[in-house]
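Here's the structure we're looking at; comments come further down.
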Amino acid sequence: MTQTLDVGERFSPLDSSHTIGSPASTTRTSAKFGTFSITFGIAFPLLYTVYERLNWPLITFHPVLGVVDFWRQPAGVGPPMFWYGWITLAIPTALVVALAATLIAEQWLRRGTVFCCALAVLWPSALAGLRIFIVDWATFDADFLNSEWVAAIPAFVAAAVITYYVPARLAERVWTSWLLIAPIGGLIVLGYSLLQPWFLR
Amino acid sequence: MNIIFSVIREDTFWKILLFIHFLFAVGLLAAVTLQAATVLMPARQMAGTYIDRGPVPTASYAPLVVTLYLLQLLMGSLIYIKYRTYVRIPMEELRYFWTVGSFEFKEHVAAMGLGLLPAYWYFWQQPSSTEYANVRRWVTVFLAVTVWYAFVVGHVVNNFRGVGS
């Protein structure tokens with residue numbers, strides 16, 4: 001006679017105020033905030049990972065001097081700190097993406113999310129693939145291929161193809177799953193980048 | 001900063017800050033762990049309509065978790081300045097590379113948790129909604145993991161050069 005219930009289905013004095021008798025405008029605002037917060041949660045880890053990997057900090061902090069410089073600056077007196085810069089760049093750009101997400105139709109948002117996430121995987125993969133090709137396979141001087149902009153071409157095409165062929169229902173169903181896939185994927189990439197400098201030293 | 005350092009010694013100031021950081025960390029750890037444990041162990045429906053409710057009002061923990069997480073991130077960001085010059089450099093010289101690497105990873109883990117906070121807040125505004133039940137559960141667990149990782153690594157680094165070391 002004992003069944004399990006999802007925790008979300010529990011009785012709670014807090015629940016009713018949000019779900020029963022809410023005016024339509026409140027529901028719409030809540031839905032907009034939902035779109036905003038979920039998109040922010042997907043965009044932020046992707047952008048943070050990209051900025052960290054490309055080392056694009058909005059600011060550089062020099063702790064010894066107590067000086068903040070705009071964009072990436074080399075070490076002066078003492079070590080430079082970039083982490084603040086990646087965060088301060090990722091927050092406003094993810095906010096812009098999240099705000100834009102509240103303005104577009106839901107089906108485009110789902111497809112756009114698939115496209116961006118596919119691109120986030122395919123772009124660095126294409127670049128890594130090109131570098132392997134240049135070193136191990138190319139029989140001519142293929143150094144011109146060693147560029148992130150050359151890698152962008154197959155990555156954009158492949159991401160567009162994937163987005164086109166992913167069924168709308170699947171894109172909708174997995175949309176909130178990106179909330180976990182994006183930060184975990186980002187941490188795998190960032191963790192891998194720490195192996196050589198620290199863990200395998 | 002100079003005004004503060006004219007009242008108390010610089011190292012005393014940083015140790016007080018680090019200790020407050022620790023206290024908040026314990027509070028955050030308790031709140032998010034209880035919440036994560038509760039979402040992982042669903043309530044049971046006993047005979048009839050009676051539902052065996054857990055002792056933790058999970059939804060009411062969300063504002064506390066968000067507030068403490070942001071406070072911790074701000075305090076950690078401040079203490080990070082001291083860490084970079086006073087702790088990390090000797091750590092590298094003594095070849096504590098695993099500790100430095102773990103702390104580097106902690107920065108990224110904390111950032112990923114920050115990105116999830118708005119969604120976490122949103123999901124817990126509607127704790128009875130079944131639409132987001134699954135993702136709410138795993139976002140909460142992910143946040144708990146980030147807090148635990150940050151706590152453990154922070155503690156290890158503190159033991160190298162911090163309060164009581």
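In the text below, chain A, chain B and the rest are named by the order of the sequence lines, each starting its count at 1.
Both the backbone and the side chain of Ser77(B) come within less than 4.5 Å of a heavy atom in chain A. Within the 4.5 angstrom heavy-atom criterion, only side-chain atoms of Arg88(B), from C-beta onward, approach chain A.
For residues 108-119 of chain B, heavy-atom neighbours of chain A at less than 4.5 Å comprise His108(B), Val109(B), Ala111(B), Met112(B), Leu114(B), Gly115(B), Leu116(B), Pro118(B), Ala119(B), sorted by residue number. Against chain B, the residues from residues 45-70 of chain A that qualify, each with a non-hydrogen atom under 4.5 angstrom away, are Pro45(A), Tyr48(A), Thr49(A), Glu52(A), Phe61(A), Pro63(A), Val64(A) in number order. Within residues 179-201 of chain A, the residues having any heavy atom less than 4.5 Å from a heavy atom of chain B are, in residue-number order, Leu179(A), Leu180(A), Pro183(A), Ile184(A), Gly186(A), Leu187(A), Leu190(A), Gly191(A), Leu194(A), Trp198(A), Phe199(A), Arg201(A). Residue-level contacts of residues 96-105 of chain B with chain A, in order of numbering, are Phe97(B), Trp98(B), Val100(B), Gly101(B), Ser102(B), Glu104(B), Phe105(B); threshold 4.5 Å between heavy atoms.
Taking 4.5 Å as the limit, some side-chain heavy atom of Arg84(B) sits within range of a side-chain heavy atom of Ile89(B). In this structure the side chain of Arg110(A) never reaches within 4.5 angstrom of the side chain of Arg173(A), judged on heavy atoms. Taking 4.5 Å as the limit, every side-chain heavy atom of Thr39(A) sits out of range of all side-chain heavy atoms of Phe44(A). Between Arg131(A) and Leu127(A), the closest side-chain pair of non-hydrogen atoms falls below 4.5 Å. Using a 4.5 Å heavy-atom cutoff, the side chains of Arg72(A) and Pro80(A) are not in contact. Contact check for Arg137(B) versus Asn134(B): side-chain heavy atoms found under the 4.5 Å cut-off. In this structure, the side chains of Phe24(B) and Leu28(B) stay at 4.5 Å or more apart for every pair of heavy atoms. Using a 4.5 Å heavy-atom threshold, the side chains of Leu68(B) and Leu64(B) count as touching.
Between Phe151(B) and Trp148(B), the ring planes are perpendicular. Angles over 60° get that label, and only those under 30° would be called parallel. Between Phe123(B) and Tyr132(B), the two ring planes are tilted [angle within 30° to 60°].
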**Q.** Full working for side-chain hydrogen bond (donor to acceptor under 3.5 Å, both in side chains) between Tyr120(B) and Gln35(B)
**A.** CA-CA 12 Å; Tyr120(B) 166 84; Gln35(B) 199 180 34; 2.4 Å; yes

(Q) Run the salt bridge (charged side-chain N to carboxylate O under 4.0 Å, His left out) test on Glu172(A) and Arg111(A) for me, step by step, so that the C-alpha distance in whole Å, both residues' side-chain angles and the decisive distance to 0.1 Å come before the verdict. (A) CA-CA 8 Å; Glu172(A) 189 178 341; Arg111(A) 288 214 173 268; over 6 Å; no

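When Trp138(B), Trp121(B), Tyr80(B) are compared by the number of non-hydrogen pairs under 4.5 Å with chain A, Tyr80(B) comes out ahead. Here Pro79(A) is the residue among Pro79(A), Gly78(A), Ala90(A) with the most heavy-atom pairs under 4.5 Å with chain B.
Residues Ser60(B) and Trp124(B) have side chains that never bring a donor and an acceptor to within less than 3.5 angstrom of each other.
No more than 12 heavy atoms of other residues, nucleotides or ligands lie within 6.0 Å of CH2 in Trp108(A), so this atom counts as exposed by the packing criterion. Around atom CD of Glu106(A), no more than 12 heavy atoms belonging to other residues, nucleotides or ligands sit under 6.0 Å away.
To the nearest 0.5 angstrom, Lys82(B) atom NZ is 11.5 Å from Ile79(B) atom CD1. In this structure, Asn158(B) CG and Tyr83(B) OH are separated by 12.5 Å, a value rounded to the nearest 0.5 Å. Note that CG of Leu78(B) and CG of Leu74(B) are 9.0 Å apart. Values are rounded to the nearest 0.5 Å.
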